[in-house]
Each structure stands twice: as C-alpha cells, then as structure tokens.
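These notes are about the structure you will find just below.
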Amino acid sequence: MSREIYASKYDLILNVIVTLIVIIILSSSVIMNPQKSIIFISTLIALLLIIIDIFVYLSYKGKIYLYRTKDK
C-alpha cells in the first residue's frame, strides 16, 4: 500500500521565500558583474526555481502529489 504526500502551506511559503532570496542574490551578482555566461546561468537557475515553485503550488492544491511513500 502506498500513500501520496502533498505539500503543506509551510512548504509552499518556504519554497517561495527561498526562490525570492536566490533571485535577489543572482540579480545582484549580474548587476555587479554583467558577463554573458553569468547572465545565462542565472536565468537558468531562476527558471528552474520558478518551475519547482509551480510544482509545489500544484501539490499544495492537490493536483499532483509531492512524493509517494510505501507502507510496511
């Protein structure tokens, strides 16, 4: 038997806060050192974090499960 675990409100809020902090750090590093490779990597990291936020939000709403556990 397996159970599906969904995200809680705490998980959602924590994930959004971490994403905002990382995006602020990335944007400040791009402003200080505007190289093409840093801009590309920063954009990829920001997009990845936003995609993770979308999945956590969908899990919070009950559309998809965050992970599955097996009962023994």
Side-chain angles (χ1 to χ4, degrees):
M1 184 92 191
S2 63
R3 292 186 325 183
E4 288 123 9
I5 306 296
Y6 296 96
S8 64
K9 189 174 186 178
Y10 173 75
D11 295 331
L12 180 64
I13 292 171
L14 185 65
N15 199 14
V16 169
I17 289 172
V18 168
T19 300
L20 290 175
I21 290 171
V22 170
I23 287 175
I24 289 170
I25 291 170
L26 289 175
S27 63
S28 67
S29 69
V30 167
I31 290 171
M32 295 293 184
N33 192 5
Q35 294 177 354
K36 190 173 184 178
S37 63
I38 292 177
I39 293 172
F40 179 70
I41 292 171
S42 298
T43 305
L44 287 178
I45 292 171
L47 287 175
L48 180 67
L49 288 173
I50 290 170
I51 290 170
I52 291 171
D53 282 342
I54 291 170
F55 279 115
V56 171
Y57 177 74
L58 289 174
S59 175
Y60 172 69
K61 287 296 185 178
K63 305 287 183 192
I64 58 173
Y65 57 88
L66 201 56
Y67 58 92
R68 185 179 290 173
T69 60
K70 291 183 179 179
D71 295 334
K72 293 184 179 182

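In this text the structure is predicted, and so the values were computed from the model without any measurement.
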Once you round to the nearest 0.5 Å, how far does [atom1] of [X] lie from [atom2] of [Y]?
X	Y	atom1	atom2	result
Ile39	Ile31	CD1	CD1	10.5 Å
Ile45	Leu26	CD1	CG	5.5 Å
Ile54	Lys63	CD1	NZ	15.0 Å
Glu4	Thr69	CD	OG1	8.5 Å
Thr43	Ile23	OG1	CD1	10.5 Å

List the atom of Ala7, the atom of Val56, and the distance in Å for their closest heavy-atom pair.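 Smallest interatomic distance, heavy atoms only, reads CB-O, 3.9 Å.
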Residues Ile21, Ile17; criterion side-chain contact (heavy atoms from CB on, under 4.5 Å); working and verdict: CA-CA 6 Å; Ile21 290 171; Ile17 289 172; 3.9 Å; yes
Sub-3.5 Å donor-acceptor pair from the side chain of [X] to the main-chain atoms of [Y], do we have one?
X	Y	answer
Ser28	Ile25	yes
Ser59	Phe55	no
Asp11	Ser8	yes

Identify whether Leu58 and Ile51 are in the same connected component of the hydrophobic contact network (ILVMFWY, side-chain heavy atoms under 4.5 Å).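 Yes, Leu58 connects to Ile51 through the hydrophobic network.
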In one Ile/Leu/Val/Met/Phe/Trp/Tyr side-chain cluster, 4.5 Å: Tyr57, Ile52: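 Shared cluster, yes.
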Give a yes or no on this: more than 12 heavy atoms of other residues, nucleotides or ligands lie within 6.0 Å of atom OH of Tyr6.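 Counting other residues, nucleotides and ligands, OH of Tyr6 exceeds 12 neighbours.
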Can you tell which of Ile13, Thr19, Leu20 makes a side-chain contact (heavy atoms from CB on, under 4.5 Å) with Val16?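 Single side-chain contact (heavy atoms from CB on, under 4.5 Å) partner of Val16 among Ile13, Thr19, Leu20: Leu20.
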Tyr65 side chain near Ile5 side chain, heavy-atom distance below 4.5 Å: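 No, too far: nothing below the 4.5 Å cut-off.
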